Asker: 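Before we start, here is the structure in question, set down as C-alpha cells.
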There are 2 protein chains.
Amino acid sequence: MSADIVQLVPNRTPSLEPMMQLVAADLNHVNAVILERMQSEVALIPELAGHLIAGGGKRMRPMLTLASAALLDYSGTRHHKLAAAVEFIHTATLLHDDVVDGSGLRRGKRTANIIWGNPASVLVGDFLFSRSFELMVEDGSLKVLRILSRASSVIAEGEVDQLTAQRRVETGEDHYLEIIQAKTAALFAAACRISAVVAERGEAAERALDAYGRNLGIAFQLIDDAIDYASDAETMGKGVGDDFRDGKVTLPVILAYARGTDSERAFWRAAMAGERASDADLDEATLLLRSSGALDDTLNRARLFGQRAIDALGPFAAGRAKAALVEAVEFAVARAY
Amino acid sequence: MSADIVQLVPNRTPSLEPMMQLVAADLNHVNAVILERMQSEVALIPELAGHLIAGGGKRMRPMLTLASAALLDYSGTRHHKLAAAVEFIHTATLLHDDVVDGSGLRRGKRTANIIWGNPASVLVGDFLFSRSFELMVEDGSLKVLRILSRASSVIAEGEVDQLTAQRRVETGEDHYLEIIQAKTAALFAAACRISAVVAERGEAAERALDAYGRNLGIAFQLIDDAIDYASDAETMGKGVGDDFRDGKVTLPVILAYARGTDSERAFWRAAMAGERASDADLDEATLLLRSSGALDDTLNRARLFGQRAIDALGPFAAGRAKAALVEAVEFAVARAY
C-alpha cells in the first residue's frame with residue numbers, strides 16, 4: 001500500500017463505467033448465482049424476485065464487493081456468492097421497503113407490491129433474505145456471516161428508527177445521519193468489508209474498506225434525498241416528491257426547518273403531517289429548500305462524505321481498481337447536478 | 001441407545017408439564033437471552049417484539065431444542081442461544097404472518113400489526129430474523145447455521161406456496177402436506193436437530209430428531225387446522241373460523257371437498273372464494289366437516305404423524321427426557337379432543 005492524494009474535483013462527467021468495466025466478468029458470475037439461487041419450485045418466487053432483480057438495478061452493492069476485491073488483487077471466486085448474498089439482502093429490503101412505504105413505482109416500473117400484493121412481497125423478501133444466509137453459509141466464513149448478519153440487524157433497526165421519525169419534522173440532523181448510516185450505509189460498508197475478509201488482508205484493510213463503503217453510502221443516500229426534490233420522475237425512475245408526500249423527514253427538510261421562519265416552519269409541520277401534499281405544496285417546498293440553501297447544503301454534506309470515502313482509500317495503491325472506486329464516489333455525488 | 005416401543009394410547013390427559021419441568025432451568029436461561037437480545041436503542045423494537053414474545057406463547061420450539069438436548073445428555077450451554085435463535089425465527093414469521101393474513105387476534109391478544117401497524121411488524125420481524133442469525137454466528141457452528149438458514153428458506157417458500165394455494169379449494173392433500181411441512185414442520189425439525197449437532201451425536205441422531213420434530217410439526221399444524229373449526233375463540237385464543245373466513249384451504253376443507261356432493265362442492269368453492277363468510281356459513285361448513293368425517297380424519301392423520309414422531313425416538317434410551325418428548329406429542333394431538 002502507498003499513500004496518495006485524490007481530489008474530488010471532477011473535470012469531466014464522472015461515470016460508473018470504469019467500475020462496470022473493472023468488474024464486468026465477475027459480475028456475470030454474480031448474476032448467474034443470483035439467477036440460479038432465486039429459483040424455487042414455488043413459481044411466484046422467481047417471478048416476483050425476477051421482476052425486481054432483472055428490473056434495471058445498477059447492482060451497486062455487489063459491484064462494490066467485486067471492485068473492493070479487485071483493489072486487493074483477490075484472485076479467487078468466493079466473492080461471487082457473497083456479492084450475490086449482498087444483492088439478495090438489498091433486494092429483500094427493497095421489497096419490504098415498498099410495502100412499508102406503500103410505494104407504487106421503483107426504477108420506472110410498477111413495484112412488486114402493486115402487482116402481486118403486499119403479502120407476496122413480504123414473504124418473497126423473507127425468502128431472499130434466508131437465501132442470502134444460505135449463500136454465506138456455503139461460503140463458510142463465520143467472519144463474513146458476522147459482518148452481514150450484523151449489517152442486517154442494523155438495517156432493520158434503521159428502518160424502524162426511520163418509521164418512528166416519520167412525519168416528525170423536529171428530527172435532528174445527527175439523528176437523521178444515524179438513521180441513514182443504519183438503513184443505507186451499513187450494507188455499503190459490509191459489501192466492501194467482506195472482500196478484505198475473503199482476500200485475507202487484515203483488520204486495517206477491513207476497516208479502510210468499511211469506511212469507504214460507509215461514507216459512500218451516506219453520500220449516496222443524501223443525494224437520493226436531494227434528488228427527490230430536485231429532479232423529475234423520468235430521470236429518477238420513481239415518483240418525484242415521494243418523500244415529501246410520505247412525510248419523510250430527510251436532510252433537506254431538516255435543514256430548511258431549522259433555518260425557517262415561523263410561518264415556514266408551520267408549512268413544514270403541516271406538510272410532514274400530510275396536510276400539504278398537492279403539487280403546488282411540493283413546488284412551495286422545493287422553493288423553500290432552494291431559497292434556504294437546504295438543498296445546496298445537503299449536496300455539500302454529501303460531497304463531504306464522498307470526500308471521506310475517497311480519503312479512506314488512501315492506504316491502497318493507485319491503479320485501475322482504486323481509480324474506479326474513486327470515480328464511483330464522484331458519480332454518486334454528481335447525480336444531482 | 002436402546003430400542004423400545006411406545007404406544008400412542010394416552011390413558012390420562014396428556015400435558016406439556018413433563019417437558020416444561022424437564023427444561024425449566026434451561027428455559028430461564030433462554031428467556032434471559034431472548035429478553036437481552038430483543039433490546040435495541042430504537043424503542044419501538046423491544047416494545048413491539050415484547051408484546052408478542054411475552055404474550056403467552058408456549059415456547060414450544062425452544063422447549064423442543066432443550067428437551068432434545070436433554071435426551072442426548074448434553075451438559076453444555078450452547079443450546080440456550082440457539083433455542084433463542086429458533087424462537088426469534090418463529091416470532092419473526094408470526095409477525096409477518098399476521099401482516100400477510102391481516103389477523104387481528106393471536107393468543108387472545110390484539111396482534112402487533114393492529115396496534116403498531118403493518119410497516120412496524122414487517123420491519124421488527126426483519127430485525128428479529130437478523131438477530132437470530134447473529135446469535136447463531138456467535139455460537140459459531142456452520143452446521144447449525146446451515147440447518148437453520150435452510151429451514152428459514154423452506155418456511156418462506158411454504159408461506160408463498162400457501163399464499164398461491166389460498167382460496168384454491170382444489171388443492172390436493174399431498175400438496176397441502178408439502179405446504180405445512182415447509183411452513184410449520186421445517187422449524188420443528190430444525191429446532192430438534194440442532195441439539196444433536198451441538199451434542200455431537202452424529203448423523204443418525206440428527207436424522208432421528210429431525211424426523212421427530214418434522215412429524216410432530218405436521219401433527220401440530222393439522223390439529224391447529226381442525227381446532228379452527230372445532231373449538232371456540234376462548235379456548236384457542238384466536239378467532240374461531242379465521243381460516244374459513246380467510247379462504248384458507250386446510251386439510252379439513254380438502255377432505256370435505258373431495259368427499260362432497262356437487263352442491264357441497266359448490267358451497268366450498270363459494271366459501272373459499274369469500275362469498276360465504278357469515279356465522280351461518282361457518283356453522284354450515286362445520287356441519288359438513290363433521291358429517292363427511294373430514295374433521296375426524298384430519299385428527300386421524302394428525303395422530304398418524306404423531307405416532308411417526310414417537311417412533312422416530314425409537315433409537316434413544318428410555319428415560320425422563322424421552323417420556324417428556326413422547327407426552328409432548330400426545331399433548332399436541334390431544335388438543336382438539
Side-chain angles (χ1 to χ4, degrees), chain A residues 40-45 48 89 92-93 95-97 99-102 116-164 166 178-179 182, chain B residues 40-45 48 89 92-93 95-97 99-102 116-164 166 178-179 182:
Chain A
S40 164
E41 286 180 16
V42 181
L44 178 55
I45 291 177
L48 191 156
I89 292 175
T93 62
L95 285 171
H96 288 184
D97 277 0
V99 169
V100 165
D101 294 342
W116 290 280
N118 284 340
S121 285
V122 170
L123 297 174
V124 174
D126 290 349
F127 173 79
L128 292 174
F129 196 56
S130 303
R131 222 358 100 80
S132 83
F133 278 94
E134 285 192 273
L135 282 165
M136 290 176 233
V137 170
E138 285 174 29
D139 173 68
S141 162
L142 278 167
K143 198 163 184 183
V144 168
L145 274 156
R146 184 173 305 118
I147 291 166
L148 283 171
S149 61
R150 179 75 197 129
S152 299
S153 286
V154 167
I155 291 167
E157 274 183 308
E159 300 271 9
V160 178
D161 200 7
Q162 177 161 61
L163 197 65
T164 311
Q166 200 163 10
E178 278 172 28
I179 290 174
Chain B
S40 164
E41 284 179 20
V42 181
L44 179 55
I45 290 177
L48 191 156
I89 292 176
T93 62
L95 285 171
H96 288 184
D97 277 0
V99 169
V100 165
D101 294 343
W116 290 280
N118 284 339
S121 284
V122 169
L123 297 174
V124 174
D126 290 349
F127 173 79
L128 292 174
F129 196 56
S130 304
R131 222 357 100 82
S132 84
F133 277 94
E134 285 192 271
L135 282 165
M136 291 177 233
V137 169
E138 285 174 28
D139 173 68
S141 163
L142 279 167
K143 199 164 184 182
V144 168
L145 274 156
R146 185 173 304 117
I147 291 166
L148 283 171
S149 61
R150 178 76 198 128
S152 299
S153 285
V154 167
I155 291 167
E157 275 183 308
E159 300 273 7
V160 178
D161 201 6
Q162 178 162 60
L163 196 67
T164 311
Q166 200 164 10
E178 277 172 29
I179 289 173

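These numbers come from a predicted model, not from an experiment. The chains referred to below are lettered A, B, ... by the order of the sequence lines, with proteins before strands, and numbering in each begins at 1. Only this structure's heavy atoms are used, side chains among them; waters, hydrogens and symmetry mates stay out.
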Asker: If you count heavy-atom pairs under 4.5 Å with chain A, which of B:R146, B:E41, B:E157, B:K143 comes out on top?
Answerer: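 Between B:R146, B:E41, B:E157, B:K143, the count favours B:E157.
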Asker: Please evaluate residues A:V99 and B:V99 with respect to the criterion side-chain contact (heavy atoms from CB on, under 4.5 Å), reporting the C-alpha separation (whole Å), side-chain torsions for both, the decisive distance (0.1 Å), and the verdict.
Answerer: CA-CA 11 Å; A:V99 169; B:V99 169; 5.6 Å; no
Asker: Below 4.5 Å from any heavy atom of chain A, which atoms of B:T164 appear? Answer side chain, backbone, both or neither.
Answerer: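 Just the side chain, heavy atoms under 4.5 Å.
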Asker: Heavy-atom distance under 4.5 Å to chain A: side chain of B:N118, backbone, both or neither?
Answerer: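 Contact with chain A involves no heavy atom of B:N118 at all.
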Asker: Sort B:E138 into side chain, backbone, both or neither according to what part of it lies under 4.5 angstrom from a heavy atom of chain A.
Answerer: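 B:E138 has no heavy atom closer than 4.5 Å to chain A.
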Asker: Applying side-chain contact (heavy atoms from CB on, under 4.5 Å), run through A:Q162 and A:D97 and close with a yes or a no.
Answerer: CA-CA 11 Å; A:Q162 177 161 61; A:D97 277 0; over 6 Å; no
Asker: Checking heavy atoms, do the side chain of A:L163, its backbone, both or neither come under 4.5 Å from chain B?
Answerer: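 Side chain only.
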Asker: If we define contacts as heavy-atom pairs under 4.5 Å, which of B:D161, B:V160, B:D101 has the most with chain A?
Answerer: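 Most heavy-atom pairs under 4.5 Å with chain A: B:V160.
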Asker: Can you give me the closest heavy-atom contact between A:L123 and B:A156, atom names plus distance?
Answerer: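 For A:L123 versus B:A156, the nearest heavy atoms are O-CB, 3.9 Å.
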Asker: Given side-chain contact (heavy atoms from CB on, under 4.5 Å), test A:H96 with A:I155 step by step and report yes or no.
Answerer: CA-CA 12 Å; A:H96 288 184; A:I155 291 167; over 6 Å; no
Asker: Check A:S149, A:S152, A:S153 against B:E134 for a side chain to side chain donor-acceptor pair (under 3.5 Å) and give me the one that passes.
Answerer: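 Option passing the side chain to side chain donor-acceptor pair (under 3.5 Å) with B:E134: A:S153.
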Asker: Does any non-hydrogen side-chain atom of A:R131 lie less than 4.5 Å from one of B:R150?
Answerer: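 The answer is yes; the side chains approach within 4.5 Å.
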Asker: What part of B:L142 is in contact with chain A, defined as an atom under 4.5 angstrom from a non-hydrogen atom: side chain, backbone, both or neither?
Answerer: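 When you check distances to chain A, atoms from both the backbone and side chain of B:L142 fall under 4.5 Å.
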